[in-house]
Amino acid sequence: MPETMRKQKRNSERCGLTGLYNFRFFENFIELEMALLKDGKRQNLSLILLDIDHFKQINDTYGHQAGNEILIDLSRRLQNFIGKKGTVARFGGEEFVVLLPDFEKNEAVELAEQFRLSLESEPFPVHDTMVAPLNDRVYITASFGVSSAFLDSDDETALVRNADRALYVGAKQKGRNKVASYSRG
């Protein structure tokens with residue numbers, strides 16, 4: 001494949017800011033993984049959805065460039081943390097998604113909790129602010145929702161929707177900086 005075509009393909013699949021896979025890529029990828037699960041080629045499929053807590057406050061305090069620095073750093077940390085265990089994508093804004101083939105729900109919850117703890121304990125350096133250039137360290141937290149197929153969800157749309165419900169109802173509405181898993185009923 002010529003270099004220009006490789007660049008075009010990469011640009012169509014990746015977030016320009018973070019370098020992670022983008023939502024378009026993720027939509028196609030989750031369909032493929034769900035098909036593998038339905039065909040019995042996967043044992044489990046779990047999804048973690050995470051959202052940075054109070055991100056607007058970071059942008060309002062330090063400016064959008066500093067917010068972008070944090071998004072880039074968080075993306076790098078998340079990608080390094082997940083490694084080959086799963087696929088990380090930017091879901092939108094300050095939301096990220098991790099698709100974990102062959103992970104049971106309890107394993108995905110534990111993985112999310114480990115990342116949550118590392119996130120809250122290691123500050124993010126901020127260099128470019130709207131106030132003035134400075135070297136500051138900002139602590140952030142995130143809320144997490146976890147869903148698994150076929151335990152919670154029968155298709156890819158429900159898998160994402162149920163992780164989103166767990167994120168907002170189980171984590172955000174209960175104080176933030178939590179991992180919540182979806183449960184039917």
Side-chain angles (χ1 to χ4, degrees), residues 15 17-18 20-23 26 30 44-83 85-100 103-126 129-131 136-153 156-185:
C15 166
L17 179 67
T18 65
L20 294 177
Y21 287 114
N22 62 25
F23 182 75
F26 173 74
I30 194 173
N44 298 291
L45 185 61
S46 291
L47 183 137
I48 300 169
L49 187 60
L50 69 107
D51 182 69
I52 300 172
D53 296 328
H54 305 293
F55 192 67
K56 182 183 181 325
Q57 196 171 21
I58 292 167
N59 282 334
D60 290 348
T61 303
Y62 296 100
H64 290 280
Q65 187 59 38
N68 285 345
E69 287 181 38
I70 289 172
L71 291 173
I72 293 165
D73 194 5
L74 184 139
S75 298
R76 180 190 52 77
R77 291 181 193 189
L78 183 58
Q79 185 65 59
N80 288 341
F81 183 82
I82 296 301
K85 294 181 206 108
T87 301
V88 180
R90 186 168 179 200
F91 199 66
E94 65 273 6
E95 287 187 325
F96 299 86
V97 65
V98 180
L99 193 61
L100 298 163
F103 264 68
E104 292 182 12
K105 187 176 179 176
N106 63 328
E107 294 171 316
V109 167
E110 180 58 33
L111 194 66
E113 180 62 18
Q114 289 170 5
F115 187 70
R116 185 194 69 75
L117 290 170
S118 75
L119 193 61
E120 75 175 1
S121 65
E122 186 181 335
F124 286 73
V126 174
T129 72
M130 65 183 177
V131 180
D136 205 354
R137 300 181 75 67
V138 177
Y139 285 89
I140 68 167
T141 61
S143 297
F144 298 75
V146 178
S147 178
S148 293
F150 292 112
L151 183 63
D152 304 321
S153 313
E156 56 273 3
T157 301
L159 186 64
V160 173
R161 182 182 60 238
N162 292 339
D164 198 36
R165 283 181 181 152
L167 167 68
Y168 282 94
V169 175
K172 291 277 188 189
Q173 291 181 4
K174 296 202 171 149
R176 291 178 165 73
N177 192 25
K178 297 182 183 323
V179 175
S181 63
Y182 179 80
S183 59
R184 288 188 184 197

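As a basis for the values below, the full set of heavy atoms in this structure was taken, side chains included, without hydrogen atoms, waters or symmetry mates. The first residue of the sequence shown is numbered 1, and numbering continues consecutively from there.
Taking both residues in full, the closest heavy atoms of Pro125 and Glu69 are given as O-OE1, 3.7 Å, listed atom of the first, atom of the second, then distance. Taking all atoms of both residues into account, the shortest heavy-atom contact from Ala171 to Ser143 is CB-CB, 3.7 Å. What you find for Phe144 and Leu167 is that their closest heavy atoms are N-CD1, 3.5 Å. Nearest approach of Lys174 to Val169, heavy atoms of both residues: CG-O, 3.7 Å. Between Leu100 and Ala108, the closest heavy-atom pair is CD1-CB, 3.9 Å. Smallest separation of non-hydrogen atoms from Ala112 and Ile48: CB-CD1, 3.9 Å.
Counting only heavy atoms from C-beta outward, the side chains of Val126 and Arg137 never approach each other to under 4.5 Å. Within the 4.5 Å cutoff, side-chain heavy atoms of Asp164 are placed close to those of Tyr168. For the pair Glu94/Leu50, no side-chain contact is recorded, criterion being any heavy-atom separation below 4.5 Å from C-beta on. The shortest distance between side-chain heavy atoms of Leu159 and Leu99 falls below 4.5 Å. No side-chain heavy atom of Asn106 sits less than 4.5 Å from a side-chain heavy atom of Val109. In this structure, the side chains of Leu119 and Thr141 stay at 4.5 Å or more apart for every pair of heavy atoms. Side-chain atoms of Ile140 and Leu74, non-hydrogen and from C-beta on, do get closer than 4.5 Å to each other. Between Val97 and Val160, every side-chain heavy-atom pair lies at or beyond the 4.5 Å cut-off.
Counting only distance, with no hydrogens or angles, the side chain of Arg184 and the backbone of Asp152 share a donor-acceptor pair below 3.5 Å. Thr61 places a side-chain N or O within donor-acceptor distance of the main-chain N or O of Gln57, the cut-off being under 3.5 Å. In this structure, Asn162 contributes its side chain and Tyr182 its backbone to no donor-acceptor pair below 3.5 Å. For Glu107 (side chain) and Glu104 (main-chain N/O), a donor-acceptor pair under 3.5 Å exists by modelled atom type.
Taken from OG in Ser46 to NZ in Lys85, the straight-line distance is 14.0 Å, to the nearest 0.5 Å. How far CG of Asp53 is from CZ of Arg116: 10.0 Å, rounded to the nearest 0.5 Å. With rounding to the nearest 0.5 Å, the separation of OG in Ser183 from CG in Leu151 is 9.5 Å. Taken from OG in Ser147 to NZ in Lys105, the straight-line distance is 6.5 Å, to the nearest 0.5 Å. In this structure, Leu17 CG and Leu71 CG are separated by 6.0 Å, a value rounded to the nearest 0.5 Å. Taking OH of Tyr62 as the reference point, atom CG of Asn68 lies at 15.5 Å (rounded to 0.5 Å).
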Between Asn44 and Phe103, does a side-chain contact (heavy atoms from CB on, under 4.5 Å) hold up when you go through it step by step?
-> CA-CA 6 Å; Asn44 298 291; Phe103 264 68; 5.7 Å; no
How far apart are the C-alpha atoms of Phe96 and Ser75, what are their side-chain angles, what is the distance that settles it, and do they pass the side-chain contact (heavy atoms from CB on, under 4.5 Å) test?
-> CA-CA 8 Å; Phe96 299 86; Ser75 298; 3.3 Å; yes
Start with the C-alpha gap between Val98 and Thr87, add the side-chain angles, then the distance that decides, and say whether side-chain contact (heavy atoms from CB on, under 4.5 Å) holds.
-> CA-CA 6 Å; Val98 180; Thr87 301; over 6 Å; no
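When the ring pair (Phe, Tyr, Trp, His ring centres under 6.0 Å) test is applied to Phe81, the partners found at least two apart in sequence or on another chain are Phe115.
For the salt bridge (charged side-chain N to carboxylate O under 4.0 Å, His left out) with Asp51, the qualifying choice from Lys172, Arg90, Lys56 is Lys172, the only one to do so.
Under 3.5 Å, the side chains of Glu110 and Gln114 contain a donor-acceptor pair of N or O atoms.
Under the 4.0 Å criterion applied to side-chain N and carboxylate O atoms, Arg76 and Asp73 are assigned as salt-bridge partners.
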